[in-house]
2 protein chains.
Amino acid sequence: MTKFNLVYQDLKTKIDNGLYAKDSLLPSENQLRELYGASRDTIRRALLRLKDEGYVQSQQGKGTTVINRQQYVFPVSGVLSYKELSTRMNMNSRTVLVDKQPMTLPTTPFVSIDPDVHAMPVLRLTRLRRINEEPVIIDIDYIDRAVVPDISQTVAEDSLYAYFEQTLHLAIAYAKKEFTVEHATEQDQQLLGLTPTDAVAVVRSIAYLEDTTAFQYTESRHRPDRFRFQEFARRS
Amino acid sequence: MTKFNLVYQDLKTKIDNGLYAKDSLLPSENQLRELYGASRDTIRRALLRLKDEGYVQSQQGKGTTVINRQQYVFPVSGVLSYKELSTRMNMNSRTVLVDKQPMTLPTTPFVSIDPDVHAMPVLRLTRLRRINEEPVIIDIDYIDRAVVPDISQTVAEDSLYAYFEQTLHLAIAYAKKEFTVEHATEQDQQLLGLTPTDAVAVVRSIAYLEDTTAFQYTESRHRPDRFRFQEFARRS
DNA sequence: TAGTGGTCTAGACCACTAC
DNA sequence: TAGTGGTCTAGACCACTAA
């Protein structure tokens, strides 16, 4: 753990727990410098990250104000796996592997995210996510077989990311996502209990490793009445 | 313009124009330091921003790779006004003010974004956005009358943000957004040409000033078949 | 081994706020 | 005027990659 990460984590925890309350000022950068025994630059890097994530807002001459503690309205944002999200939110969640199939990657659904997608051997996993026993999401993953040879049912129903990172030691760096609203397919209707006139919220994403290799293509189909996604953004 | 911003803008422009091609390496940080006559820290701050925005990816020992040039698939992400987006995308776009009404802010649609919303006198603007003469978005803005006393039809049909920033000199700092899928209301059906069974993609957002004041509440209702939103995210 | 990015430090000067 | 955050510098050491 790096020093600035320690500072970042500590401040974040204290904000989440209300130790630094919303609308109150954090200690000044100089005070934090003494508190953590770090240089001002290290403190500022931690604060920068908190600003980017929507935790705090700085004002020259005044100080740094807490504007938000973490919200978890099931953000589809960021690069967090379903497992990580459901654990954080203490959800009663269960995943069932519906289908596992080796095939060639269908590129068309992903070209608008990355024009360079190319056909490759993948493993397709179809999984149904339930929250409180109610089916809410169908996840269809296409995983590069050159990077991940196989995936067991146990892994598929627990956490792909934990397997990728902790067992295979893959370094997942970033992801691109796309949101659309589409008509419910027959599979959507069957698995999510929808009618032909219903819409679904579709999130397609491509995950990349540190060396910029794309290795995971996901199509996530959400029951429309359960879909809610929040985002924080800074101006210019 | 600050120095790091100059470096950032220059690199971004060169990436967008293909001068630094996708999948190629940028000059090393030391080379950039000499190119721009800046310290390494200044260079690194510019690069950090490019990384956060999904332009480049760094690898220790190797260098910094261009992974993407800017895409504009009408991102609802970020804090960009409709006017800014449509200009960048060279769209044939037109906005019509449908209704202007002083009233009290309806808080319920926004509580899940910011639990501290409170009733206040606002001006409600209802605007219809057309692209190639086709109606695609209804924007319903509630604007704090204490911050913005009035808005002319001309401003409403051009750009609110240009008016806020350039005329009123408001410093818009950040925004929180929420995406949902909802049934088409009667107004949606009439203005967007939808049927009662159709869904709409709804983006609700709250914009905040530098002093953390919330001053603009927006409900943006999109024709589902025209809605497409892209996002870039880094892992932890 | 040389070159790359990642982390950290100490110090300087500036713009802004509050008193 | 004192204290705050914003920008910028110069230098150090480390971890990693590639030849």
Side-chain angles (χ1 to χ4, degrees), chain A residues 1-11 20 23-52 55-67 169-174 208-213 234-236, chain B residues 1-11 20 23-52 54-67 169-171 173-174 208-213 234-236:
Chain A
M1 186 75 106
T2 60
K3 202 164 191 176
F4 104 88
N5 212 341
L6 276 171
V7 177
Y8 161 75
Q9 295 291 349
D10 191 62
L11 289 173
Y20 293 132
D23 297 325
S24 71
L25 287 175
L26 286 187
S28 75
E29 292 179 355
N30 267 319
Q31 290 169 328
L32 291 173
R33 196 174 46 70
E34 291 189 3
L35 268 172
Y36 292 102
S39 71
R40 187 172 165 220
D41 197 63
T42 301
I43 298 296
R44 280 181 65 79
R45 273 197 294 149
L47 289 176
L48 179 64
R49 188 144 162 201
L50 291 171
K51 287 175 212 171
D52 283 344
Y55 278 95
V56 301
Q57 166 73 2
S58 295
Q59 290 168 266
Q60 213 172 28
K62 280 183 129 173
T64 300
T65 311
V66 177
I67 56 177
H169 300 290
L170 297 176
I172 301 162
Y174 56 94
Y208 301 79
L209 302 177
E210 270 186 354
D211 66 359
T212 75
T213 315
R234 293 204 161 266
R235 172 114 173 120
S236 84
Chain B
M1 189 73 107
T2 59
K3 201 164 190 175
F4 103 90
N5 212 342
L6 276 171
V7 176
Y8 161 75
Q9 294 291 349
D10 191 63
L11 289 173
Y20 293 131
D23 297 325
S24 71
L25 286 176
L26 287 187
S28 75
E29 293 179 354
N30 268 320
Q31 289 169 328
L32 291 173
R33 196 173 46 72
E34 291 188 5
L35 267 172
Y36 292 102
S39 71
R40 188 174 165 220
D41 197 64
T42 301
I43 298 295
R44 280 181 65 79
R45 273 196 296 149
L47 289 176
L48 179 62
R49 186 144 163 202
L50 292 171
K51 288 176 211 170
D52 283 344
Y55 277 94
V56 301
Q57 166 73 3
S58 295
Q59 290 168 266
Q60 213 172 28
K62 281 182 130 173
T64 301
T65 311
V66 177
I67 56 176
H169 300 289
L170 297 176
Y174 57 94
Y208 299 80
L209 302 177
E210 270 186 354
D211 65 0
T212 75
T213 316
R234 295 203 159 267
R235 172 116 171 119
S236 79

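Below, each value reflects all heavy atoms present in this structure, side chains not excepted, and no hydrogens, waters or symmetry copies. Every chain is numbered from 1, with letters handed out A, B, ... down the list of sequences.
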Euclidean distance, atom [atom1] of residue [X] to atom [atom2] of [N] [Å, nearest integer]:
X        : N       : atom1 : atom2 : result
Asn30(B) : dG6(C)  : CG    : P     : 13 Å
Ile43(A) : dT7(C)  : CD1   : P     : 15 Å
Arg33(B) : dT4(C)  : CZ    : P     : 10 Å
Glu29(B) : dC13(D) : CD    : P     : 19 Å
Gln60(A) : dT7(D)  : CD    : P     : 8 Å
Leu25(B) : dA18(D) : CG    : P     : 10 Å
Glu34(A) : dT9(C)  : CD    : C1'   : 16 Å
Leu50(A) : dG5(D)  : CG    : P     : 13 Å

Which one, [options], comes nearest to the side chain of [X]?
X        : options                 : value
Ser58(A) : dG5(D), dC8(C), dT7(D)  : dG5(D)
Arg45(A) : dT4(C), dC8(D), dT7(C)  : dT7(C)
Arg40(B) : dA12(D), dT4(D), dC8(D) : dA12(D)
Phe4(A)  : dG6(C), dT4(C), dT7(C)  : dT7(C)

Closest-nucleotide mapping onto DNA chain D: is Leu47(A) or Asp41(A) further toward the 5' terminus? I mean the 5' end.
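Final value for this comparison: Leu47(A).
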Would you check if the side chain of [X] reaches a backbone N or O of [Y] as a donor-acceptor pair within less than 3.5 Å?
X        : Y        : value
Lys3(B)  : Gly37(B) : yes
Arg44(B) : Glu29(B) : no
Arg49(A) : Asn5(A)  : no

Minimum heavy-atom distance between Thr65(B) and Gln59(B), given as atom pair plus value:
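That closest heavy-atom pairing would be OG1-OE1, 3.9 Å.
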Write down the atom of Arg234(B), the atom of Asp52(B), and the distance for their closest heavy-atom approach.
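Nearest pair, atom of Arg234(B) first, then Asp52(B): NE-N, 4.2 Å.
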Please confirm whether the shortest side-chain N or O distance from [X] to OP1 or OP2 of [N] is below 4.0 Å.
X        : N      : value
Thr42(B) : dT9(D) : yes
Arg44(B) : dG5(C) : no
Lys62(A) : dA2(D) : no
Thr64(B) : dT4(C) : no
Lys3(A)  : dG6(C) : no

What is the base-pairing partner of dA18(C), counting Watson-Crick and G-U wobble geometry with both distances under 3.5 Å?
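dA18(C) is paired, partner dT1(D).
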For dT7(C), which nucleotide in any strand shown is its Watson-Crick or wobble partner with both distances under 3.5 Å?
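Paired with dA12(D).
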Could you pick out which residue, Gln59(A) or Met1(A), lies toward the 5' side of DNA chain C when each is mapped onto its nearest nucleotide?
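Here Met1(A) is the residue nearer the 5' end.
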Whichever of Gly37(A) and Gly61(A) has its nearest DNA chain C nucleotide further upstream toward 5':
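Looking at the nearest nucleotide for each, Gly37(A) comes out on the 5' side.
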So, Thr213(A) versus Asp211(A): side-chain donor-acceptor pair below 3.5 Å or not?
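Distance-only check passes for Thr213(A) and Asp211(A).
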